Structures are given as C-alpha cells and as structure tokens.
*Asks:* 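Quick one: structure below, then a few questions.
It should be emphasised that the depicted structure is a prediction, and the values quoted were computed from it without experimental measurement. Each ligand, and each atom within it, is numbered from 1 in the order the structure gives.
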Amino acid sequence: MTRRRWIADTWDEATATLTGEQAAHLIRVLRAQPGMEYDIVAGDRVCHAVIAGITGDTVRFNLVADVPAEPALPVTLLLAVFKFDRMEWAIEKATELGVNRIIPVIARRTEKHLAHAAPKRTERWRRIVREASQQSRRADIPVIEEAISLRAAVKRESRAVRLVLAEEERATTLTGALTQTLDESASRTDELPEIQLAVGPEGGWAADEEALFDSEGWKPVSLGPRILRAETAAITALAVTAAMLE
Ligand code: SAH
C-alpha cells in the first residue's frame, strides 16, 4: 500500500509539521484526522508518519519509522535557458525522471531577454521541482542552481562523465557512451559514476561552445538522426540514462 507523501515544513528527530497550502489541502480536502498515516519527507529522510494532532492550519505528525528512500539518479543536467514555458515543462519532466541537479546555463544562442530574466525565475523553478518531487513521490528534491554562463558550468572542476547532446554528432550515441562508461566503472567500483548531460538552446550550440566542450573533455553524443526540440532532447537523454542506470 503506498501512502500519500508530503514534504514537511518543519521537523525534528521524532515529529514533523505541515503548514500553509499543503496543510490546508490535507485538512479541508482530505479531511485529516489524528491517526491517519502518510509518508513524510523530512530533510533527507522519508518517514512513515501518523497524524498526532491538528491545530488551525498546522498538522503535526509523529515520525514512526524510516521508509527506504530510492536515491535520485547521479545525473546533473546542464540546461541552456530557452523559452521559459517549454523550459519549465522540461524542468518538471526532468524531476519526474530522477535528475539530481539542474544547472541552467546561458548559451550564446539563448535569447537575450531570457538570459536577463533567468535569475528572477530561480525561485519559480525551485517551486516547480518541489511540486514535481512531491507528485512523483521522490524522497529528495533536485537542486536547481542560479543560471550561470555556459563557460563557467563547463569549466567547473568535476570528476563526472560529461556528455554534451550534440545534434550534429553521428559517431557516438548516448547509449553507446553510457554503455562504455558503465563497463569502465563496473570494473572499478560498484558505485555508479556521476553523469553530466548538457542540452543546448533552441538555436543549438555555437561552434566556439562545441570547441569549449571539447577542450574541457566533454564527449559529444547523439540521440539519433532527427533534430529534437531542446525539451524533447532533455527528457529523452534523461529517460535513456535512467533506463541504463537503474
Ligand atoms: N540547432 C538545431 C536545434 C537545436 S535543438 C536545429 O538545427 O534546429 C536543441 C538542443 O537539443 C541541441 O543543442 C542538442 O543539445 C539537443 N538535440 C536535439 N536533437 C539532438 C540529437 N538528435 N542528438 C543529440 N542532441 C540533440
């Protein structure tokens, strides 16, 4: 039986509370009563919880036991900023697909007005991932960073396997690169390697950006011969990666 899951607003070792909209929904729509059981995400724990009491718009829970939480995928998505409605749809889908971290990046062909507006959208994007985490019953909430320049993101020190989704690439497919990665890492440790996937803006990557990726050791990979929209490429790459890692 899968219990409905809530993300706690406050918590300690043995108790948690819901306030605000979540609590109002639980009280008014789901007619919460003491004794009802739910899963509560409290920090990095997921707990089997029982309603201990309801006062005003606050629901208090006793945390009964830890529920084994499925870890997020060790995958970071560098997502070039593109039309916000489609980008926010991609952010929600990436969350459902288990992405661990999203770094919005300003690419050369990111439209200027979107680049300027991006920093003000961070809180909205964080709300989208929080709601999508709850809906998809994730035990964790992906990190969404403030938008940074592509150069800063690409040059950041990392031991991850770094794959750039390149629509012109024909030799290496994403599945081929992941198979090689998994074979290599399986021979070393049973830890899954962290994987970073970079998806470009509607206009694609500029030539100097492809050179930058290359100079920083990113491997271009293809999702096939058709040109996908950025949001299609992002969820396809995550779905393929999730399927191969899980
Ligand atoms: N410049 C392209 C559109 C770019 S699509 C055009 O000719 O219209 C936006 C991003 O999605 C690309 O930068 C790339 O990261 C990714 N993408 C789209 N199709 C892809 C494919 N077949 N293989 C790999 N990546 C792809």
*Asks:* Using a 4.0 Å heavy-atom cut-off, which part of T232 comes near ligand 1: side chain, backbone, both, or neither?
*Replies:* neither
*Asks:* Under 3.5 Å between any N/O of G200 and any N/O of ligand 1: does that happen in this structure?
*Replies:*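 Indeed, backbone or side chain, G200 has an N or O that close.
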*Asks:* Would A233 count as being in polar contact with ligand 1, using the rule that some N or O on each side must be under 3.5 angstrom apart?
*Replies:*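 No, since none of the N or O atoms of A233 sits under 3.5 Å from an N or O of ligand 1.
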*Asks:* By number and element, which atoms of ligand 1 are closer than 4.0 Å to a non-hydrogen atom of G204?
*Replies:*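 Atoms satisfying the 4.0 Å criterion: 1 (N), 4 (C), 13 (O).
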*Asks:* Of all the atoms in ligand 1, which lie at a distance below 4.0 Å from a heavy atom belonging to V221?
*Replies:* 24 (C)
*Asks:* Taking 4.0 angstrom as the limit, do E88 and R121 come out as a salt bridge?
*Replies:*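 Between R121 and E88 there is a salt bridge, with a charged N closer than 4.0 Å to a carboxylate O.
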*Asks:* Are E145 and R101 close enough for a salt bridge, meaning some N to O gap below 4.0 Å?
*Replies:*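 Salt bridge between E145 and R101, a charged N being under 4.0 Å from a carboxylate O: yes.
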*Asks:* Find all atoms of ligand 1 within a distance of less than 4.0 Å from any non-hydrogen atom belonging to L228, and give their numbers and elements.
*Replies:* 5 (S), 11 (O), 18 (C), 19 (N)
*Asks:* Check ligand 1 against R226 and write out every atom of the ligand that is under 4.0 Å from a heavy-atom position of the residue.
*Replies:* 19 (N), 21 (C), 22 (N)
*Asks:* Identify the closest protein heavy atom to atom 6 (C) of ligand 1: which residue and atom is it, and at what distance?
*Replies:* I227 CG2, 3.7 Å
*Asks:* Taking the side chain from R170 and the backbone from S222, do they hold a donor-acceptor pair closer than 3.5 Å?
*Replies:* no
*Asks:* Under 4.0 Å, heavy-atom basis, I'd like to know which part of A234 is in contact with ligand 1: side chain, backbone, both or neither.
*Replies:* neither
*Asks:* Parallel, tilted or perpendicular: which describes the rings of F213 and W205, with under 30° parallel and over 60° perpendicular?
*Replies:* perpendicular
